[in-house]
Every structure is written in structure tokens, then in C-alpha cells.
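In what follows, a single structure is set out as C-alpha cells and then discussed.
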Amino acid sequence: MCEQDGRAGGGNLKHFNFKAEDQSRSEGGRTLRVSIPEVLEPQYGMYVWPCAVVLAQYVWHHKGALQQKSVLEIGAGVSLPGVVAGRCGARVILSDSAELPACLENCRRSCEVNGLRDVSVVGLTWGQVSPDLLILPALDIILGSDVFYEPEDFEDVLVTVFFLLRRNPQAQFWTTYQERSADWSIEALLHKWSLQCLHIPLESFQANKECLAGSNLPGSHTVHMIVITMRKQSGDT
């Protein structure tokens with residue numbers, strides 16, 4: 001049964017329950033409950049989209065490896081994946097466009113609702129090398145859910161990812177995208193920016209189902225999970 005949304009602060013408060021897959025081997029089979037505020041405004045980043053739930057499930061699936069890791073979420077919006085990472089013990093930085101202060105404020109609200117007090121929120125605009133981008137600490141994981149939404153943004157997203165991965169060669173970019181058009185592809189851009197991707201089957205982290213994490217998402221939406229890294233050059237070991 002999908003959990004119904006509550007009301008908070010003039011908007012929706014959505015609740016997600018991430019359960020351990022194998023209770024015999026995992027922290028007593030504990031469940032992580034995360035609440036995310038949604039604001040009733042016409043901004044993409046103010047809602048929880050199916051991609052965010054799938055990415056958050058992937059983060060939860062890897063919770064044991066995230067302890068004390070440095071994690072940055074780009075285009076965070078309501079920040080579900082980043083909040084889950086923070087609740088799993090990662091050192092998290094949330095970011096969204098510096099031109100969207102309402103989204104940055106919602107990042108802060110998501111942290112407050114979930115008791116995360118040590119999370120930084122910074123304005124990072126895709127495709128721009130800003131002072132806030134330059135002073136980021138070393139990163140282990142970069143998160144981005146549904147950042148490949150508008151085709152005109154695809155290269156700006158990958159420029160930012162390339163910049164971050166070049167500075168952190170061992171880092172990975174975990175991202176989900178929803179299949180909206182067969183004509184939209186990032187393959188050529190990945191090649192241009194010396195990046196490579198690995199497709200992760202949803203069933204490998206128990207995300208191939210409706211009512212994921214106790215919500216009514218992702219349902220019948222076609223969501224894909226990929227991991228992007230720097231492409232190894234000849235001679236690399």
C-alpha cells in the first residue's frame with residue numbers, strides 16, 4: 001500500500017521508507033524514513049520525480065560504502081538522494097543553480113526536516129566555473145537525478161561533471177534519467193568529454209517495482225540508472 005502524502009508548510013510532505021533488502025545481514029533489518037517537503041510552485045526542482053526515488057534507492061543499497069564519504073548532489077531540488085546519503089553517514093553537499101534561490105532554500109528545508117545540520121548548500125550553475133565550484137572539497141561520489149531533462153542542458157551538465165571528475169579522478173557520478181524520447185542521447189557528449197558510463201539494472205538494487213520506498217513512485221515510468229566516470233586513456237593502469 002502506497003503511503004499518502006502529508007501536508008506541511010503550505011505544501012506536501014512526502015514520506016519515503018527505505019528497507020534493508022536482506023534483514024538477516026543488515027543492521028537488524030532497519031528502515032530509513034525520510035520526509036521531503038514539496039512546494040506548490042511551477043519549478044521542476046520543487047517536486048520529487050521518479051528518478052530521485054530510484055537514485056535514492058541506489059544510494060540506500062550502497063549505504064555501507066558511504067560512511068564518511070564526501071558526496072555532492074547537483075541539481076538537487078528537493079534533495080532526496082542527498083538526504084538519504086547524509087542519513088547513511090556521508091558528508092554531503094547539496095547544490096542547485098545559483099539562479100534558483102527557491103530551490104536552494106528547499107534543499108535547506110529538506111535537511112532541516114530530516115535533522116541534517118552539517119550539510120552545506122551551495123549555488124552551482126551547470127556549465128559555469130564559479131568560485132563555489134572551485135572551492136569544493138575532494139569528492140568521492142556525485143549524485144544527480146533527472147539532470148538530463150532538457151536537451152539544451154545536457155552538455156552544460158556534462159561540462160560540470162567533467163570538471164568535477166577531472167579534479168577527482170577516482171570519483172563516480174551516479175545519475176538516473178527518465179526515458180522521454182528515443183531521439184535524446186548523451187552518448188556523443190560522453191565521448192566528447194572523455195567520459196564513460198555503465199548502465200545498472202534496476203533489479204540489481206531492488207528498484208524495479210512500483211511503490212518504491214513506500215511511495216507511489218516510480219510506477220510505470222521508464223527510469224535508467226547509470227554510473228559515469230572518466231574514460232581511461234591508453235597507458236592508464
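When a residue number appears, it is its place in the shown sequence, counting from 1.
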Pair listing, salt bridge (Lys or Arg N to Asp or Glu O under 4.0 Å) test, anchored in residues 155-173, at least two apart: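 Residue pairs passing salt bridge (Lys or Arg N to Asp or Glu O under 4.0 Å), neighbours aside: Glu155-Lys192.
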**Prompt:** Got a sec, which pairs hit salt bridge (Lys or Arg N to Asp or Glu O under 4.0 Å) with one end in residues 110-121, sequence neighbours left out?
**Reply:**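 Sorted pair list comes back empty.
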What's the verdict on side-chain contact (heavy atoms from CB on, under 4.5 Å) for Met225 and Phe205, showing C-alpha distance, side-chain angles and the deciding distance? CA-CA 10 Å; Met225 172 77 214; Phe205 57 101; 3.9 Å; yes
Fill in: Residue from Ile36, Leu94, Val34 passing side-chain contact (heavy atoms from CB on, under 4.5 Å) with Ser110
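Of Ile36, Leu94, Val34, side-chain contact (heavy atoms from CB on, under 4.5 Å) with Ser110 is met by Ile36 alone.
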Single hit among Val227, Leu190, Thr229, Thr175 for side-chain contact (heavy atoms from CB on, under 4.5 Å) with Cys197: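 Exactly one option meets the side-chain contact (heavy atoms from CB on, under 4.5 Å) with Cys197, and it is Leu190.
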For the residue pair [X] and [Y], categorise the inter-ring angle as parallel (less than 30°), tilted (30 to 60°) or perpendicular (more than 60°).
X	Y	answer
Phe148	Phe154	perpendicular
Tyr177	His199	perpendicular
Phe18	Trp60	tilted

Closest approach of Val71 to Ala90 (non-hydrogen atoms, all atoms of both residues) |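 Shortest heavy-atom separation between Val71 and Ala90 comes out as CG2-CB, 3.8 Å.
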Going by heavy atoms in the side chains, are [X] and [Y] under 4.5 Å from each other?
X	Y	value
Ile142	Trp174	no
Leu72	Leu143	no
Val119	Ile93	no

| message | Closer than 3.5 angstrom, by distance alone: can the side chain of Gln178 be matched with the main-chain N or O of Cys51 as a donor-acceptor pair? | response |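 Pair absent, no side-chain N/O of Gln178 close to backbone of Cys51.
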Is the backbone of Gly77 close enough, under 3.5 Å, to the side chain of Ser79 for a donor and an acceptor to pair up by distance?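 Yes.
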Could you state the interatomic distance from OG (Ser35) to CG (Leu13), rounded to the nearest 0.5 Å?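 Separation between the atoms: 5.0 Å.
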Report task. Calculate, to the nearest 0.5 Å, the distance between atoms CD and CE belonging to Gln172 and Met230 respectively. Result ->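 Between atom CD of Gln172 and atom CE of Met230 there are 13.5 Å.
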### Message
Tell me every residue that passes side chain to side chain donor-acceptor pair (under 3.5 Å) with Ser130, counting only those two or more places apart in sequence or in another chain.
### Response
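With sequence neighbours excluded, Ser130 shows a side chain to side chain donor-acceptor pair (under 3.5 Å) to no residue whatsoever.
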What do you reckon, is CD of Glu203 surrounded by more than 12 foreign heavy atoms closer than 6.0 Å?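 Yes, the 6.0 Å shell around CD holds more than 12 heavy atoms from other groups.
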